[in-house]
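Accompanying notes for the structure given below.
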Amino acid sequence: MALIYIVEDDANIREIETIALSNSGHEVLAFENAASFYKKLETLLPDLLVLDIMLPDEDGYAVLKKLRSRTETRRLPIIMVTAKTMEIDMIRGLDSGADDYIKKPFSIMELITRVKALLRRCEGENEEILELGQIVIDNVRHRCTVGGIILELTYKEHELLKYLMINKGIALSREQIMMNVWGTEFEGESRTVDMHIKTLRQKLGKSGEHIKTVRNVGYLIE
């Protein structure tokens, strides 16, 4: 599985995250501050980083900025951890280059799902072809076909379908979809997701049945 680094100063949260991800089959190394994380980074790069904002020696924004400025870590998948009531932290983190975020307090299943989704997303973005049933997405040509017939999709419809297929079998919340396809996450905009799902299903025809509605959560494709 993946090598995951955790940078978290709270010992209890750090232990919970480590155990949860280790039990999911990942190799995990945890650090209580930025300094120890930087030192390890010099010898071994992880596949994914879970980064807390409030660190004792350097805040997560500064760490994120440094990582995005370096060639070797520019594309490192990063999930930031924020306080639940501080939405501005989430917005600032995403604007600074974070790939995803988790609000405290969070459940173990949410952490595992977010990590799994981001790893699959990064893997899928590097694949030239994505296939599910008769649906084929050609990432090189930026083209989608169903049964060999080219679909006329808008840019957002294409990106939405791609995001669902990269995360095949994973239930994605409307908020996750908004953030990863539209680059924002506001509850009032969730209807945008529903309308795009509706039109996407229509354009996919019979293959639209692959897109399932997950009650009280969002959508998945399988």
Side-chain angles (χ1 to χ4, degrees), residues 2 4 6 17 20-21 24 26 47-53 60 64 75-127 130 132 135 137 139 144 153-201 204 208 210-222:
I4 299 174
I6 296 171
E17 292 174 339
L21 295 175
S24 296
H26 301 293
D47 296 304
L48 182 144
L49 170 64
V50 178
L51 175 64
D52 186 38
I53 288 179
L64 178 62
R75 296 181 62 83
L76 173 65
I78 299 175
I79 297 176
M80 295 199 78
V81 179
T82 73
K84 184 175 182 179
T85 57
M86 300 172 68
E87 187 174 82
I88 188 65
D89 286 338
M90 176 270 292
I91 296 172
R92 184 178 172 188
L94 293 174
D95 286 344
S96 299
D99 297 284
D100 200 353
Y101 77 96
I102 301 177
K103 297 177 183 178
K104 292 180 181 178
F106 53 85
S107 70
I108 295 302
M109 286 308 300
E110 180 182 8
L111 172 65
I112 294 172
T113 299
R114 296 274 185 151
V115 167
K116 183 177 180 181
L118 181 53
L119 287 171
R120 290 188 63 172
R121 173 181 146 200
C122 293
E123 180 181 345
E125 287 176 347
N126 293 324
E127 293 181 7
L130 295 172
L132 178 67
I135 306 171
I137 291 181
N139 285 321
C144 176
L153 299 180
T154 67
Y155 178 76
K156 288 302 182 184
E157 288 169 350
H158 180 94
E159 291 302 298
L160 173 58
L161 179 59
K162 178 181 174 181
Y163 182 60
L164 290 171
M165 289 180 65
I166 287 173
N167 294 286
K168 181 175 60 178
I170 298 176
L172 302 167
S173 69
R174 290 174 175 83
E175 290 75 19
Q176 282 178 284
I177 295 172
M178 282 297 301
M179 185 185 66
N180 287 283
V181 177
W182 277 267
T184 185
E185 185 213 30
F186 297 104
E187 293 181 3
E189 298 295 330
S190 62
R191 181 169 171 77
T192 299
V193 176
D194 297 335
M195 292 303 297
H196 277 74
I197 289 289
K198 181 180 178 179
T199 58
L200 188 56
R201 280 171 168 159
L204 289 171
H210 286 293
I211 302 176
K212 309 295 184 182
T213 300
V214 183
R215 188 175 181 182
N216 297 324
V217 179
Y219 300 97
L220 67 78
I221 195 167
E222 63 180 6

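Closest heavy-atom contact between T82 and I53: CG2-CD1, 3.5 Å. Nearest heavy-atom pair across A171 and V214 is CB-CG2, 4.0 Å. Smallest separation of non-hydrogen atoms from K168 and R120: O-NH1, 2.6 Å. Counting all heavy atoms, side chain and backbone alike, R174 lies closest to V193 at O-CG2, 4.0 Å.
A heavy-atom distance below 4.5 Å is found between the side chains of L161 and I135. Looking at N139 and K162, their side chains come closer than 4.5 Å, going by heavy atoms from C-beta outward. At least one side-chain heavy atom of R201 sits less than 4.5 Å from a side-chain heavy atom of T213.
Atom NZ of K156 has more than 12 neighbouring heavy atoms from other residues, nucleotides or ligands inside a 6.0 Å radius.
Taking CG from L204 and CD1 from I211, the interatomic distance works out to 5.5 Å, rounded to the nearest 0.5 Å. The CE atom of M109 sits 7.5 Å away from the OG atom of S24 when rounded to the nearest 0.5 Å. Interatomic distance, E157 CD to M195 CE, rounded to the nearest 0.5 Å: 10.5 Å.
No donor-acceptor pair closer than 3.5 Å links the side chain of D99 to the backbone N or O of I79.
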